[in-house]
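These values consider heavy atoms only, across backbone and side chains, with no hydrogens, waters or symmetry-generated copies. Computed from a predicted structure; not experimentally measured. Every chain is numbered from 1, with letters handed out A, B, ... down the list of sequences.
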Amino acid sequence: DAGITQSPRHKVTETGTPVTLRCHQTENHRYMYWYRQDPGHGLRLIHYSYGVKDTDKGEVSDGYSVSRSKTEDFLLTLESATSSQTSVYFCAISERPRTGYNSPLHFGNGTRLTVT
Amino acid sequence: SQELEQSPQSLIVQEGKNLTINCTSSKTLYGLYWYKQKYGEGLIFLMMLQKGGEEKSHEKITAKLDEKKQQSSLHITASQPSHAGIYLCGAHRMDSNYQLIWGAGTKLIIKP
């Protein structure tokens, strides 16, 4: 199994509070991703990183920010949590960005976030 | 609507029976991934298909990508309780190096 640790695994927070989720990898992979998973929507990309301090937005980035100061850590921050951000959040890593290089995503075990 | 349509949404199969899950797109797929997700856990990579007509197998699971690269099937032979979970397909978009599109998943239940 790829060495990916997400923390916390579960969190309950109140509307309007900031929340930070952490993803830590031990594989030294360059590419890291944050997804959210919701019933009926499948997985949706929030932000991704293609190197230290190099990040970009995914399809559902509003209300989220990320930071990557080290290869192994990728942080996702909900600036002011809303109930619509209640979801399961997955971190993923890959060696290379694109198919054709036989580089699948490897996922962490997820963080279940509830915003009340 | 999902850009990748998975069918069926859920499936209940008697242990020992065969089953097939489909993943369909209206556009050409550039790399097709199959993942399995156990309840409360992350996604486990099963297989990746790239070429039209390609077929791969791992233990009792076989995945195929059609010649047009618009449809993939995942076939499980002689299903076991360990096969239970949610199966997801994902594929690369032609216009993005980083973003995968995903199906909504197929929930598989194995009856003993």
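- The number of heavy-atom neighbours closer than 6.0 Å to CD of A/Glu59, taken from other residues, nucleotides and ligands shown, is above 12.
- With a 4.5 angstrom heavy-atom cutoff, A/Gln37 touches chain B only via side-chain atoms.
- The cluster map of Ile, Leu, Val, Met, Phe, Trp and Tyr, joined by side-chain heavy atoms under 4.5 Å apart, puts B/Leu49 and B/Ile61 in the same cluster.
- Hydrophobic clustering of Ile, Leu, Val, Met, Phe, Trp and Tyr side chains at less than 4.5 Å, counting indirect connections, keeps A/Val12 apart from A/Val19.
- Annotation for B/Glu41: atom CD counts as buried by contact number, over 12 foreign heavy atoms lying within 6.0 Å.
- Using a 4.5 Å cut-off between heavy atoms, A/Arg44 makes no contact with chain B at all.
- Contact annotation for B/Leu88: only side-chain heavy atoms (C-beta onward) come within less than 4.5 Å of a heavy atom of chain A.
- The shortest side-chain heavy-atom distance between A/Leu105 and B/Leu43 does not fall under the 4.5 Å cut-off.
- Criterion: ILVMFWY side-chain heavy atoms under 4.5 Å apart, direct or through other members. Under it, A/Leu75 and A/Ile93 are not part of a common hydrophobic cluster.
- Considering all non-hydrogen atoms of both residues, A/Phe90 and B/Gly42 come closest at CE2-CA, 3.5 Å.
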Passes ring-ring contact (aromatic ring centres under 6.0 Å, His included), A/Phe107 versus B/Tyr35? Steps please. CA-CA 10 Å; A/Phe107 286 82; B/Tyr35 285 83; 5.4 Å; yes

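- In this structure, A/Val60 is a member of the same hydrophobic cluster as A/Trp34, with clusters built from ILVMFWY side-chain heavy atoms closer than 4.5 Å.
- Of the atoms belonging to B/Gln37, it is side-chain heavy atoms, and not backbone ones, that fall under 4.5 Å from chain A.
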